[in-house]
Amino acid sequence: MINPSVKVRFAPSPTGELHIGGARTALFNWLFAQKNKGQFYLRIEDTDPERSQEKYTEQILESLSWLGLHWDKPLLYQSQRLDVYKERVKDLTTSGHVYQCFCSKDDLQTARNEGHYQYPGTCRNLSEADIKQKLNQGIGFTLRLRIPEGEIRYKDQIYGDISVDHKELDDFIIVRSDGSPTYNFVVVIDDHDMGITHVIRGEDHVSNTPKQIQIYKALGYDEPIFAHLPMILGPDKKRLSKRHGAPGVQKFKNDGYFSGSLLNYLALLGWNPGTEEEIFSINELADAFDLKQVQKKGAVWDEKKLHWLSGQYVMATSTDDLLNAIRDNEPDWGKGSEISLLISIVELLKVRAKSLIEFVNQSEYFFNDPVAYDEKGLKKAWKDGSVNTLISNFVESLMTLPAWRKEELESTFRSYVSEKELGLGKIIMPVRLAVCGTLNGPSIFDIMELVGKETCIRRLGTALERLPK
RNA sequence: GGCCCGUUCGUCUAGUGGUUAGGACUCCAGGUUUUCAUCCUGGCAACAGGAGUUCGAUUCUCCUACGGGCUACCA
């Protein structure tokens, strides 16, 4: 069943948690693999000891798992492949593709500051004697790739034909003076060794690709197919980064978004199904996915739409599943209450809450007496002492109510206002305020039934005491 | 500075050599509702600019502008 001609990978570096951009890259790789019945691998690019941390690897894997982007084994760590890279360096040395460069970092930097952006080729053609002399002097060296004249050309699955003159490519460094290999070098070896057929990554790698192709050629490897995804942008149209408050995947989990809604939104950021559908399950996404429908321009991250989408997911989820998800997210929610009560609450809030955490935030008054009253609500519903008179009379009729059910409650409300020749709102609003502390929410009759007679009467009493005049 | 890439409503996007340039989010108005939310109806809102090709360009070509990326002994 597995299609051997499709192997993709996601290669995060563990220098921080998985953020939105990385998640989208992972998603598109995963979708491509699913669609083509290929394999999806992970490679941890942990060769920067300064910034890499084990805990980030764990966080990233956790986030990917939560998203449901499961990967195939083996999981590769670059830090464990140093020996392999050394071998390849030897290969390139013997084949004459690299040369030693004795220029110091400072000198190169100085030249750049003076406007010479390219490596001048100082050490490109040193004589044997020169090299021997420098080595004897104990001068450290890097290894540079010797790039021939010519033009490089490749077909990007998203951007189309891209060509660059070799003159634009420096003889870039593949091994640092401390002997460690650089990114553009190892990425090629890893992708080759992993059998990667399609390299799908961010647009920031478009300019790296021609360099990497030089490595493929030097090593005698076949090139994979390349596809570059447009960037995700902040509201200022600059690449989304920590500066924008770079949303990490974990944040959305904590805020109670379903992973499906995040995935759905991410997919629509830069890709379109070719239809006017907006809502997709992860499997539907995989079916519909096609690199041809991927956009070239960067897309601005818009949390409003995510929020809407999340609301759609909430409404489409069964009450039981919602209840489980809410308690997964917030184990203390409704602790000590009957399950039947919780189910009723979820039922009532389902159409209002757009994320799991909103169920929690909007259900406070089902469990606890209000500690404060919404200020706008006070102005609207409890202007002066006349309300106290009205409510205290009404409470009396509530007390005598034989059955505390929403139907009876509603008829009590209605007969009371018709007797007084008032609008329904005149009585409902103050009651709402007293019982919930806020004017917004589901039907007051439903709320009162669930909250119970004793508690409602108590809350009304409290309000009458606290809100005179 | 150089190179590469991009540019349709505020945002995500569809689309064609001749369309009333379509949808979604947001926003606004109206309806439903005790309120909020939902739901329904309606509305605002875009082809960056300039040349050229053409009977005709949003669509094809070039230029300009703007935006992004790369230009590290980071990944």
Side-chain angles (χ1 to χ4, degrees), chain A residues 11-15 45-48 50-52 78 101 103-105 108-109 112 115-118 140-144 156 158-160 162-165 167-170 172-184 186-187 202-211 228 230-231 233 235-239 265 268-279 293 295-309 311 315 348-354 362 377 380-381 410 413-414 417 423-429 431-433 436 438-445:
Chain A
S13 51
T15 55
E45 307 208 326
D46 55 351
T47 47
D48 181 349
E50 300 279 301
R51 299 190 302 149
S52 296
Q78 278 189 332
C101 172
C103 299
S104 80
K105 210 180 196 174
L108 294 169
Q109 186 56 48
R112 257 194 303 277
H116 302 102
Y117 287 86
Q118 285 204 310
F141 62 88
T142 61
L143 256 29
R144 287 182 183 270
D156 190 284
I158 291 161
Y159 285 92
I162 292 179
S163 59
V164 178
D165 195 291
K167 282 201 281 285
E168 303 302 332
L169 272 27
D170 268 343
F172 60 95
I173 292 172
I174 65 163
V175 178
R176 303 185 184 92
S177 46
D178 67 359
S180 63
T182 60
Y183 169 75
N184 279 316
V186 301
V187 73
E203 197 219 274
D204 47 339
H205 289 290
V206 167
S207 301
N208 287 327
T209 304
K211 294 183 185 175
H228 289 95
M231 304 270 88
L233 279 18
D236 58 357
K237 307 265 185 176
K238 295 219 192 304
R239 175 189 186 164
Y265 177 67
L268 259 20
L269 215 50
W271 170 84
N272 77 81
T275 66
E276 286 182 347
E277 282 172 86
E278 301 275 343
I279 298 177
Q293 303 277 3
Q295 199 79 8
K296 291 189 183 73
K297 73 166 173 175
V300 175
W301 174 259
D302 174 20
E303 205 151 331
K304 289 223 181 78
K305 189 154 183 175
L306 202 213
H307 198 241
W308 169 79
L309 209 40
M315 283 192 277
L348 289 179
L349 294 180
K350 202 168 165 171
V351 77
R352 272 160 264 263
K354 292 192 173 12
Q362 293 178 23
K380 234 187 213 171
E410 177 160 5
F413 273 79
R414 288 193 186 277
V417 295
L424 234 202
K426 283 284 183 232
I427 185 77
I428 278 184
M429 287 307 158
V431 171
R432 232 180 218 298
L433 201 62
C436 307
T438 167
L439 257 29
N440 299 340
S443 159
I444 187 64
F445 313 121

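Both backbone and side-chain heavy atoms feed into the values below; hydrogens, waters and symmetry mates do not. Keep in mind the model is a prediction, meaning the values are calculated, not measured.
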note: H205(A), atom NE2; U71(B), atom C1'; distance rounded to Å ~ 15 Å
Stacking of Y117(A) on G2(B) base (centres under 5.5 Å, planes under 30°) = no
Which part of the nucleic acid, if any, lies within contact of C103(A), taking any heavy atom under 4.0 Å across all strands shown: a base, the sugar-phosphate backbone alone, or nothing?
-> base
With 3.5 Å as the limit, what N/O pairs link the protein to nucleotides 9-11 of chain B?
residue	atom	partner	partner atom	Å
U11(B)	OP1	K237(A)	NZ	2.9

Choosing from A75(B), A24(B), U34(B), which nucleotide comes nearest the side chain of W308(A)?
-> A24(B)
Using a 4.0 Å heavy-atom cut-off across all strands, classify Q78(A) as base, sugar-phosphate, or nothing.
-> sugar-phosphate
S207(A) (side chain) and C3(B) (base): donor-acceptor pair under 3.5 Å | no
Please measure how far the P atom in C28(B) lies from the corresponding atom in C5(B), and state the result in whole Å.
-> 42 Å
Whole-Å P distance, A46(B) and G22(B) = 11 Å
Has K354(A) got a side-chain N or O lying under 4.0 Å from the OP1 or OP2 atom of U38(B)?
-> yes
Which part of the nucleic acid does P210(A) contact within heavy-atom distance under 4.0 Å: base, sugar-phosphate only, or nothing?
-> nothing
Report the C-alpha distance between V431(A) and I444(A) in whole Å, list the side-chain angles of each, state the deciding distance to 0.1 Å, and finish with yes or no for side chain to side chain contact (heavy atoms under 4.5 Å, CB included).
-> CA-CA 8 Å; V431(A) 171; I444(A) 187 64; 4.3 Å; yes
Just by distance, do the side chain of T47(A) and the backbone of Q78(A) share a donor-acceptor pair under 3.5 Å?
-> no
Side-chain donor or acceptor of Q118(A) paired with backbone N/O of K167(A) under 3.5 Å = yes
Rounded to the Å, how far apart are F172(A) CZ and A75(B) C1'?
-> 14 Å
Distance, rounded to the nearest Å, where L348(A) contributes CG and U38(B) contributes C1' | 13 Å
pair I428(A)-F445(A): side-chain heavy atoms closer than 4.5 Å = yes
Spacing of the P atoms in A29(B) and C44(B) (rounded, Å) = 15 Å
Among the nucleotides C73(B), C36(B), U34(B), which one has an atom lying closest to any side-chain atom of R144(A)?
-> C73(B)
When Y159(A) is tested against each of H228(A), E203(A), K296(A) for side-chain hydrogen bond (donor to acceptor under 3.5 Å, both in side chains), which residue passes?
-> E203(A)
Going by distance alone, is a donor N or O of one side chain under 3.5 Å from an acceptor N or O of the other, for S180(A) and D178(A)?
-> yes
Now, which nucleotide makes the Watson-Crick or G-U wobble pair with G52(B), with each of the two distances under 3.5 Å?
-> C60(B)
Rounded to whole angstrom, note down the P distance from A14(B) over to G23(B).
-> 15 Å
If C3(B) has a Watson-Crick or G-U wobble mate with both distances under 3.5 Å, name it; if not, just say none.
-> G69(B)
Distance in angstrom units between M429(A) CE and U34(B) P, rounded | 9 Å
Say you pick atom P in U11(B) and the same atom in U16(B); how far apart are they, in whole Å?
-> 22 Å
Could you walk me through whether K380(A) and M429(A) pass side chain to side chain contact (heavy atoms under 4.5 Å, CB included), step by step?
-> CA-CA 8 Å; K380(A) 234 187 213 171; M429(A) 287 307 158; over 6 Å; no
Residues two or more places apart in sequence or in another chain: which of them pass salt bridge (Lys or Arg N to Asp or Glu O under 4.0 Å) with R51(A)?
-> D48(A)
Comparing M315(A) and N208(A) on RNA chain B - which has the more 5′ nearest nucleotide | M315(A)
Distance between P atoms of C47(B) and G10(B) (Å, rounded) | 9 Å
For the pair made of CD in Q118(A) and P in G1(B), what is the distance, rounded to whole Å?
-> 16 Å
When you measure from the side chain of E276(A), which nucleotide among A75(B), G23(B), U38(B) comes out closest?
-> G23(B)
So, does S13(A) use its side chain to make a donor-acceptor pair with the main chain of T15(A) at under 3.5 Å?
-> no
When you check the phosphate oxygens OP1 and OP2 of A72(B), does a side-chain N or O of R112(A) lie under 4.0 Å from one of them?
-> yes
Reckon G115(A) touches a base, only the sugar-phosphate, or nothing at all at heavy-atom distances under 4.0 Å?
-> nothing
Pairing partner of G42(B) (Watson-Crick or G-U wobble, both distances under 3.5 Å) | C28(B)
Those residues of residues 268-275 of chain A lying under 4.0 Å from RNA chain B by at least one heavy atom | L268(A), L269(A), G270(A), N272(A)
Most 5' of I162(A) and E278(A) on RNA chain B, judged by nearest nucleotide | I162(A)
For E203(A) and G67(B), what is the distance between atoms CD and C1' respectively, to the nearest whole Å?
-> 11 Å
Mind calculating the distance between CG (D170(A)) and P (C70(B)) to the nearest angstrom?
-> 16 Å
Using a heavy-atom cut-off of under 4.0 Å over every strand shown, decide if S13(A) touches base, sugar-phosphate, or nothing.
-> sugar-phosphate
Mind checking the C1' distance from U13(B) to U71(B)? Whole angstroms is fine.
-> 32 Å
Euclidean distance, atom CZ of residue R352(A) to atom P of U33(B) [Å, nearest integer] | 15 Å
Verdict with reasoning, L268(A) to E278(A), per side chain to side chain contact (heavy atoms under 4.5 Å, CB included) | CA-CA 8 Å; L268(A) 259 20; E278(A) 301 275 343; 3.8 Å; yes
With side chains defined as the heavy atoms from C-beta onward, is the minimum distance between R239(A) and D204(A) less than 4.5 Å?
-> yes
What about the rings of W301(A) and Y265(A), do their centers lie closer together than 6.0 Å?
-> yes
Side-chain N,O (Q295(A)) to OP1/OP2 (A14(B)) below 4.0 Å = yes
Ignoring hydrogens and angles, does a donor from either the side chain of S443(A) or the base of U34(B) sit under 3.5 Å from an acceptor on the other?
-> yes
Closest nucleotide among A75(B), G68(B), C5(B) to the N184(A) side chain = A75(B)
Residue-phosphate contact under 4.0 Å: R414(A) side-chain N/O, U34(B) OP1/OP2 | yes
When the P atoms of C66(B) and U26(B) are considered, how many whole Å apart are they?
-> 34 Å
Are the side chain of D156(A) and the backbone of I158(A) linked by a donor-acceptor contact shorter than 3.5 Å?
-> yes
